[in-house]
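Working notes, structure below.
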Amino acid sequence: MLFDLTHVLPVPGPVWGRYPTRPSDDRAPPWRRLRWRGALARSRRVAQAAVAHAQTWRLLDAPARAAALLALRRRLRRAGLQHDAVAQGLGFASACAAETLGWTPRETQRLAAAALLDSRMAEMATGEGKTLAIGLAAAVAALAGVPVHVVTANDYLAARDAQSLAPLFCALGLRAAALAGAGSDQAKRAVYAHDIVYATAKELAFDFLRDRQAMGPASELERLAADVVGPAPPPLMRGLCMALLDEADSILLDEAEVPLILSRAVPQAARRAFLWQALALARQLDAGRDFVLHSVDRMATLTAAGEDRLAALAAGLGGPWQRQRYRREAIHIALAGLHAYRRNEHYLVREERIDLLDEVTGRVAAGRVWSRGLQTIVALKEGLSAPDETETVAQTTFQRFFQRYWRLCGISGTLWEARGELSEVYGARVVRIPLHRPCRRQVLPPRRFETMAAMLAPVVARVASLHAAGRPVLVGTDSVADSQRLSQQLRCAGIEHRVLNALNDAEEAAIVAEAGRAGRVTVATRMAGRGTDIELDAAARTAGGLHVLSLQDNASRRLDRQLAGRAGRHGDPGSVEAWHTPCNSAHVSSARADKLTVWTYFISTKRLSGARRQWGQSRQDRRRAALRRDLLQQDLHWERRLSFAGPPP
C-alpha cells in the first residue's frame, strides 16, 4: 500500500510502508523545513490555476476523463503533492463537486484546500464552506495514494460529511466512509481500508493505542521474552499518514488537556467500599469549620479542626483509614465530589450512569471518566451503583497523538489567537482565508450585571423585543443549568423557544435547522458554537438577521468569536452583543487554578472594559498553553513508563 512519508521529498509524496507513523523522538516535524514566506500567495496561485483545469475537465468525455484521472494519479504518486499537480487535482475535484453535488467551489474554498494540502492551518470564518474545502483537500491527497483521516467534532458530523460528499469521491474513483457505528474490529478494519475515513479524534487515538497493544513487542525475541504466542493480530489502522482536522483548535487546544487512557475493568470491591466510607465521612463534616471549599478549582481542603474530627470519626475503621495522608486524600476527593461538582453543570445523570460534560463545547464527553475515585464518589452521591474500577493499559494525549502524523493540517474559524502554540507544538503555521463577501455583522456594546439573577429579567425583555421584531435570536449560556434557568423565565414570559444542551443533543440538527427562522428563539450552551449551520429564511433576513446574545463567561477570545460567528454569515445581516456577570461560571483547569483564580477574580470584580477583558483572556490563554506544555511533558513520561516510545513494528 502507498503512504505519505514527508522527509523523502521536498513536498511529500507516497512511499511504501506497513504502519507509517512519525517517530516519537522526532522533535522537528519534517514540514517545518518547508518555506513559510508567501504561503498564502502560493496557495492563491494554486487555487487560480485550478480554474483552467476545471474547465478542461468539463470539456472531456467519459473515456477522456478516465484517462486524465489515471494520468493525474500517476503524477501525484510519482512526484508528490507538488503545486502543479495539486492545482490539476483541485481543478478536477472542483468540477466534479459542481456536477455531482451541485456545489460550485468558490475561490476562497479552493484557496483553503490548497493551504491544507500545503500543511497549513487555515482560519476560515464560520459559514464560508469549510466542509467542501476539506473534501477537496482530502480528495486530492487520496488521489496521491495517501490514506486520509478527516477528523470531525462528533460522530454526527463525521457521518453527515462522509455521506454528503460521497458522490464527489465516487466520481473521482475514491472510497470514503465514516467510522461511527463500526463496533467490531473487523468492521473497523473495513472502514480504515477506505481512501478517506471520517472519524472523531477520540476514536482514532484509541484505535491507535489498541494497535500498539495488539502489535506487541517489535522483535521476535522480545515477543518470546514477553510470552507472546502466535502471530500478532492485524492492526485496525493503516498508519498515521495524513490528518485533516475540522475545528482544529477544539481538537488540538481545547481537548489537549484531557488525557486519553486506554483501561480495563478490574474487580476491586475493597476499593469501592473504601470510597463509600469516604463519602459517608465527608457528609459528617461541616463547611467552614472542618473544610474549605475552593469552588473555582473544584477542590476542598481540611482545616486543622477538620483533621482532628476526621481522625476521631475514622478511629473505629481499620486498614488505610489509620494512615493520615491516605485518608486526607480520600476525604479531599469525597468533599469535592459532594460539594464542588454539580449536576447539569459538570455532569448529567442518564440511564443510571454519570455522563461528564465537556466544559468547552457543552456536549456529553462520551467515554470520559474522572480518575482517583471521583467518578465513583459522584455516582454514590447520586444514588447510583458504583462503576467498576479500572487500571491503565495505555495512555496518550491529543498533542502526542497528532504529532505522530506525517502530515497534519486543519481548518477552523478561530485559529489566529493560537498561532504561536500551533507552530511551536505541531509545526503548523496559520493562514487566514479572506471572506468571499464583506461581513455585515454589527457588534453592540457589552453590558455587565452584578449577578446572574439580576441579569435574567433584562435578558427576557431583550429577547421579547427582538422576538416581536421578527428577528431570530440565539442566546448562549455557560451550562445546562443556566440554559434551564433562562428557559423557565422565558416560559413564564410566554415566549416560545427551543433549548439546545447536552440533555437533548439528539435533537441538535432539528433545533439548529429552525434557529434561523423569523421570530425563532433558541437558548443554547456552547454546543451552538461547533458544527452547526444556521440558515436564515427570507423573513429573518429582511428583519435584520440573527441576533446572538452571549451570556457566556469564556476564558478565551476564541470561544467568544465562535458564538459571535453564528450571526452575519455569507454577508447576511446580523448582530451580536455580550452580557456578563462577575462570574457566570469558571472554566479554569484545576491543575492551574491556584494561579488562574487571581486573574478571574480581578477581571470580574473591577468590571473592566472590553479591551481589558480581552487582555485578561489573553493572559489565561497563555497560562492554559503553559498547562498544555506541562501535560505534554507528563505524556512523554507516561510513554517511557508504558514502553510506547518506539514506533510499531
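Basis for what follows: all heavy atoms, side chains included, without hydrogens, waters or symmetry-related copies.
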Test side-chain contact (heavy atoms from CB on, under 4.5 Å) applied to Val459 and Leu549, step by step: CA-CA 9 Å; Val459 167; Leu549 177 56; 4.0 Å; yes
From CA spacing to verdict: ring pair (Phe, Tyr, Trp, His ring centres under 6.0 Å), His332, Phe291: CA-CA 9 Å; His332 284 173; Phe291 67 90; 9.6 Å; no
Worked verdict on Thr301 versus His294 for side-chain hydrogen bond (donor to acceptor under 3.5 Å, both in side chains): CA-CA 8 Å; Thr301 54; His294 309 282; 3.2 Å; yes
Candidate pair Asp478 and Thr525, rule side-chain contact (heavy atoms from CB on, under 4.5 Å), full reasoning: CA-CA 6 Å; Asp478 273 320; Thr525 58; over 6 Å; no
Residues Val150, Ile134; criterion side-chain contact (heavy atoms from CB on, under 4.5 Å); working and verdict: CA-CA 8 Å; Val150 179; Ile134 290 173; 3.7 Å; yes
Worked check of salt bridge (charged side-chain N to carboxylate O under 4.0 Å, His left out) between Asp572 and Arg441: CA-CA 8 Å; Asp572 288 335; Arg441 184 189 310 122; over 6 Å; no
Residue pair Thr200, Leu204: steps toward the side-chain contact (heavy atoms from CB on, under 4.5 Å) verdict: CA-CA 7 Å; Thr200 62; Leu204 294 171; over 6 Å; no
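In terms of modelled atom types and a separation under 3.5 Å, the side chain of His467 and the main chain of Val463 share no donor-acceptor contact. In this structure, the side chain of Arg429 does not engage the main chain of Arg120 through any donor-acceptor pair within 3.5 Å. Judged by distance alone, the side chain of Asp118 and the main-chain N or O of Ser43 form no donor-acceptor pair under 3.5 Å. A donor-acceptor pair under 3.5 Å is absent between the side-chain atoms of Lys130 and the main chain of Asp246, judged by distance alone. Arg485 places no side-chain N or O within 3.5 Å of a backbone atom of Met452 that could act as its donor or acceptor partner. Ser250 places no side-chain N or O within donor-acceptor distance of the main-chain N or O of Glu247, the cut-off being under 3.5 Å. No side-chain donor-acceptor contact under 3.5 Å links Arg557 to the backbone of Glu417. No donor-acceptor pair under 3.5 Å is formed between the side chain of Arg520 and the backbone N or O of Ala515. Judged by distance alone, the side chain of Gln375 and the main-chain N or O of Trp370 form a donor-acceptor pair under 3.5 Å. Under the 3.5 Å distance criterion, the side-chain polar atoms of His570 are matched with a main-chain donor or acceptor of Gly127.
Taking all atoms of both residues into account, the shortest heavy-atom contact from Gln489 to Leu456 is CG-CD1, 4.0 Å. Counting all heavy atoms, side chain and backbone alike, Ala518 lies closest to Ala539 at CB-CB, 3.7 Å. The nearest pair of heavy atoms linking Ala159 to Ala178 is CA-CB, 3.8 Å.
The pair Arg558-Asp249 counts as a salt bridge, with a side-chain nitrogen and a carboxylate oxygen less than 4.0 angstrom apart. At a threshold of 4.0 Å, the pair Arg491-Glu496 does not count as salt-bridged, since none of the basic side-chain nitrogens sits closer than that to a carboxylate oxygen. Under a 4.0 Å N-O distance rule, the pair Asp286/Arg289 qualifies as a salt bridge. For the pair Glu123 and Arg561, the salt-bridge criterion is met [side-chain N within less than 4.0 Å of a carboxylate O].
Glu382 pairs by the salt bridge (Lys or Arg N to Asp or Glu O under 4.0 Å) definition with Arg343, not counting sequence neighbours. The salt bridge (Lys or Arg N to Asp or Glu O under 4.0 Å) check on Arg419 picks up nothing, with sequence neighbours excluded. Listed by chain and residue number, nothing satisfies the salt bridge (Lys or Arg N to Asp or Glu O under 4.0 Å) test with Arg437 (two or more places apart in sequence, or in another chain).
Contact of the Leu302 side chain with the Leu335 side chain is registered, since non-hydrogen atoms from C-beta on lie closer than 4.5 Å. Looking at Ile534 and Val512, their side chains come closer than 4.5 Å, going by heavy atoms from C-beta outward. Met121 places none of its side-chain heavy atoms less than 4.5 Å from the side chain of Val431. Using a 4.5 Å heavy-atom threshold, the side chains of Leu111 and Pro434 count as touching. Using a 4.5 Å heavy-atom cutoff, the side chains of Leu415 and Leu422 are in contact. Put simply, the side chain of Val480 does not reach to within 4.5 Å of the side chain of Asp482, judged on heavy atoms. In this structure, Leu245 and Thr152 have side chains that are not in contact, with every pair of non-hydrogen atoms separated by 4.5 Å or more. Contact check for Lys202 versus Glu255: no side-chain heavy atoms found under the 4.5 Å cut-off.
Taken from CG in Asn554 to CG in Leu563, the straight-line distance is 7.5 Å, to the nearest 0.5 Å. Here Ser465 contributes atom OG and Arg471 contributes atom CZ; the two are 9.5 Å apart, rounded to the nearest 0.5 Å. In this structure, OH on Tyr347 lies 11.0 Å from OH on Tyr341, to the nearest 0.5 angstrom. Remark: Leu116 CG to Met124 CE distance equals 9.0 Å, nearest 0.5 Å. Taking CZ of Arg526 as the start and CG of Leu357 as the end, the distance is 11.5 Å to the nearest 0.5 Å. Between the CG atom in Asp254 and the CG atom in Leu559 there is a gap of 5.5 Å [rounded to 0.5 Å].
Between the side chains of His436 and Glu128, a donor-acceptor pair is found at a separation under 3.5 Å. Checking Arg400 against Gln403 by side-chain atom types alone, a donor-acceptor pair falls below 3.5 Å. Counting only N and O atoms by type, the side chains of His497 and Ser487 include a donor and acceptor under 3.5 Å apart. A donor-acceptor contact closer than 3.5 angstrom links the side chains of His547 and Ser575.
Stacking of Arg448 on the aromatic ring of Trp579 is not recorded, the 6.0 Å distance cut-off and the 45° axial limit not both being met.
Using a 30° and 60° split on the angle between ring planes, Phe401 and Tyr405 fall in the perpendicular class, above 60°.
The environment of Glu514 atom CD is dense: over 12 non-hydrogen atoms of other residues, nucleotides or ligands sit within 6.0 angstrom. Under a cut-off of 6.0 angstrom, the local environment of CZ in Arg432 is crowded, with over 12 non-hydrogen atoms contributed by other residues, nucleotides or ligands.
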